[in-house]
Amino acid sequence: MTHGIARRHTLADLLRRSAKRHPAKTAVICGDTSWSYAEFDRVCGAVAAGLQQRGIAHGDRVAVLARNSHAFAALRFALARIGAVLVPINFMLKAEEVAFILRHAGARMLATDSGLAALAREAAALSTDVREFLWLPSEDQGEPVEGMLDFDTLARADDEPAETELRGSDLLQIVYTSGTEAAPKGAMLTHDAVISQYVSCLVDAEVSGSDLTLHALPLYHCAQLDVFFGPSVYAGATNVITAKPTPDNLLPLMARHRIGSFFAPPTVWISLLRSPLFDGTDLSALRKGYYGASIMPVEVLRELAHRLPQVRLWNLYGQTEIAPLATMLGPDEQLTKPGSAGRAVLNVETRVVDERMRDVAIGEVGEVVHRSPHLMLGYFHDDERTAAAFEGGWFHSGDLATIDAEGCITIVDRKKDMIKSGGENVASREVEEMIYRLPQVSEVAVFGVPHPHWVEAVVAVVVPKAGLALDEAAVIEHCRHHLAAFKTPKRVVFAEALPKNPSGKLLKRDLRRVYERLYSDAKE
């Protein structure tokens with residue numbers, strides 16, 4: 001064991017090493033809280049010890065249903081120190097959706113904040129194994145929730161966790177993705193996988209210790225958590241954390257803290273450009289801009305280049321199962337290869353293949369597959385879908401793309417009709433199945449159409465049963481009651497029939513073509 005400890009390289013070690021290198025440097029700023037690297041390291045150790053004393057041990061799953069905060073950031077590293085497994089949960093889900101994840105992961109503890117405490121308790125009560133709640137202070141602090149373990153009390157203790165035998169191959173986190181099926185899948189990621197991905201971010205996305213980075217997109221999402229926050233801590237950068245990715249909050253924060261690096265999906269970049277505050281905000285310190293989750297419209301790229309000429313842009317593509325970065329389009333090719341997802345990053349090998357796993361010709365459509373140490377172990381408690389994902393010795397992304405003569409890929413569709421709305425994954429089948437619960441529905445097809453704000457909007461085309469009345473408002477209200485807001489259709493259209501091929505297969509591509517201009521004049 002001594003030899004193993006000496007060689008160990010896990011997430012538990014990264015913060016401690018950064019704290020040794022930069023003890024006095026500011027690590028985290030969130031609201032009125034500011035921690036140096038030495039203080040951040042001490043807090044994480046104290047919280048880890050407190051959780052250990054409450055019975056959380058190596059391999060136990062601890063779920064987090066909370067908005068961004070300094071406490072969320074500390075809990076991430078505290079869990080790693082005792083070998084516990086982080087299960088971050090999308091706070092936009094409904095109680096029954098949260099409960100599914102809690103049950104499937106077997107979470108023993110659920111961390112939450114004041115704003116989400118009621119949802120957390122409602123979900124945990126739905127036949128889960130959660131026996132204790134951990135209250136996390138928010139960006140604006142607030143008072144602890146009665147009956148919950150208090151993060152601040154743990155953080156003030158002068159304790160260190162007992163030594164735990166950790167390996168790089170240990171499970172670090174289970175991140176649930178909507179995937180392409182109705183039931184979410186839990187991607188199992190090890191310390192080794194996540195740290196390999198950090199290295200790719202440091203090299204290809206140029207994450208640096210000199211960065212002053214604003215983290216505004218949800219930390220429950222692997223993009224903000226593991227492409228930006230984790231690598232920034234590894235490098236010793238300064239991290240400003242906020243839970244409000246709105247222009248009225250972001251632009252003043254950028255000016256006040258002289259932010260130099262910022263990531264957001266295109267929808268947020270567009271909202272910044274459209275804000276009346278934009279032109280009056282000093283953004284001269286901003287040097288690195290990142291986007292992902294969907295393609296940035298070419299006209300917006302040109303506008304960014306004109307209004308923020310000092311900012312270099314990166315397009316980052318990937319998915320949860322690869323921790324999540326897979327390919328990157330760098331600053332020099334933003335306008336020469338608009339819409340491209342670029343080339344594989346340092347620790348990834350990517351191909352575009354046909355159904356027989358042969359490389360497609362230039363310009364032909366095929367599936368994107370990867371080999372990489374970033375990749376997940378598999379899907380938690382789901383051997384069948386794991387085997388399918390790794391068929392042929394490559395990870396199958398489910399995304400369809402073309403590849404050009406210089407090796408850049410361009411995503412053209414989701415193999416299983418995934419919709420990306422506002423940077424969030426929406427599985428069309430899940431929404432369809434919810435609409436099918438309405439007794440008036442004969443058939444339904446759900447798909448995404450272009451939208452000027454959301455990039456893609458969820459649209460449903462419904463064929464009602466003969467003689468039964470149904471209107472758009474009723475369908476939307478039904479979905480809103482059972483599904484997260486981002487999954488709820490923005491529009492419902494009624495039709496007499498759905499387009500199908502001679503074998504009866506639904507032709508969603510025809511529906512997309514018919515309704516592609518549904519929002520051509522939309523403003524929001």
Side-chain angles (χ1 to χ4, degrees), residues 175 177-185 187-189 193 197 200 222-223 292-295 315-329 337 339-345 347-379 382-420 425-430 445-448 455-456 501 503 505-513:
V175 185
T177 172
S178 294
T180 55
E181 290 85 10
K185 298 174 292 187
M188 297 185 290
L189 293 157
Q197 194 262 173
S200 292
C222 52
S294 56
I295 298 301
N315 177 20
L316 307 177
Y317 160 75
Q319 61 196 109
T320 302
E321 291 90 340
I322 198 164
L325 183 60
T327 72
M328 181 206 74
L329 186 74
K337 292 183 179 292
S340 172
R343 303 170 185 84
V345 294
N347 286 330
V348 177
E349 182 182 357
T350 295
R351 298 166 61 205
V352 180
V353 300
D354 62 19
E355 292 183 355
R356 297 175 64 183
M357 290 297 292
R358 300 174 301 190
D359 291 335
V360 300
I362 290 170
E364 288 187 3
V365 175
E367 185 182 10
V368 179
V369 296
H370 306 292
R371 279 181 174 167
S372 172
H374 298 190
L375 283 164
M376 66 174 183
L377 291 175
Y379 296 116
D382 200 332
D383 293 341
E384 183 177 344
R385 286 199 280 186
T386 297
F390 286 96
E391 186 178 1
W394 292 76
F395 173 74
H396 292 255
S397 72
D399 284 343
L400 300 178
T402 59
I403 190 165
D404 67 16
E406 290 148 323
C408 286
I409 66 169
T410 297
I411 306 300
V412 298
D413 202 356
R414 260 75 66 189
K415 192 172 183 180
K416 299 290 188 178
D417 299 315
M418 175 65 71
I419 302 164
K420 292 262 191 175
N425 287 347
V426 181
S428 59
R429 179 179 162 188
E430 181 181 14
V446 171
F447 50 96
V455 181
E456 278 191 312
N501 67 12
S503 65
K505 182 180 178 181
L506 179 64
L507 299 176
K508 285 192 178 179
R509 64 177 180 270
D510 289 0
L511 289 170
R512 293 189 190 98
R513 185 166 58 248

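Residue indices begin at 1 and follow the sequence shown. Keep in mind that the numbers below use all heavy atoms, side chains included, and drop hydrogens, waters and symmetry copies.
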Considering all heavy atoms, the nearest [X]-[Y] contact:
| X | Y | result |
| --- | --- | --- |
| Arg371 | Gly392 | NH2-O, 4.2 Å |
| Thr386 | Asp382 | OG1-O, 2.8 Å |
| Thr327 | Val345 | C-CG1, 4.0 Å |

Can you list the residues that meet the salt bridge (charged side-chain N to carboxylate O under 4.0 Å, His left out) rule with [X], with sequence neighbours excluded?
| X | value |
| --- | --- |
| Arg358 | Asp354 |
| Glu391 | none |
| Arg343 | Glu333 |

For Cys222, the option from Leu189, Ile322, Leu325, Thr320 that meets side chain to side chain contact (heavy atoms under 4.5 Å, CB included):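 The passing option is Thr320.
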Heavy-atom donor-acceptor pair, Ser200 side chain to Asn347 backbone, under 3.5 Å: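 The answer is yes, because a donor-acceptor pair under 3.5 Å joins these two groups.
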Donor-acceptor contact below 3.5 Å, side chain Gln197 vs main chain His374: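 Here the side-chain-to-backbone pair does not exist.
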[X]: what forms a side chain to side chain donor-acceptor pair (under 3.5 Å) with it, not counting sequence neighbours?
| X | value |
| --- | --- |
| Glu406 | Lys337 |
| Ser397 | none |
| Ser372 | none |

Between Glu321 and Tyr379: side-chain donor-acceptor atoms closer than 3.5 Å: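 There is such a pair (donor and acceptor under 3.5 Å, judged by atom type) between the side chains of Glu321 and Tyr379.
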Nearest-0.5 Å distance that lies between atom CG in Asp399 and atom CD in Glu367: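 It comes to 8.0 Å.
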Glu364 side, atom CD; Ile362 side, atom CD1 - distance, nearest 0.5 Å: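 Between Glu364 CD and Ile362 CD1, I get 10.0 Å after rounding to 0.5 Å.
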What pairs with [X] under side-chain contact (heavy atoms from CB on, under 4.5 Å), at least two apart in sequence or on another chain?
| X | value |
| --- | --- |
| Val353 | Arg351, Met357, Asp359, Val369 |
| Ile403 | Val352, Val360, Ile409 |
| Thr410 | Ser340, Thr402 |

Counterpart residues, ring-ring contact (aromatic ring centres under 6.0 Å, His included), relative to Phe395 (two or more places apart):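 Residues passing ring-ring contact (aromatic ring centres under 6.0 Å, His included) with Phe395: Phe390.
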Criterion side chain to side chain contact (heavy atoms under 4.5 Å, CB included) on Arg509 and Leu511, from CA distance to verdict: CA-CA 5 Å; Arg509 64 177 180 270; Leu511 289 170; over 6 Å; no
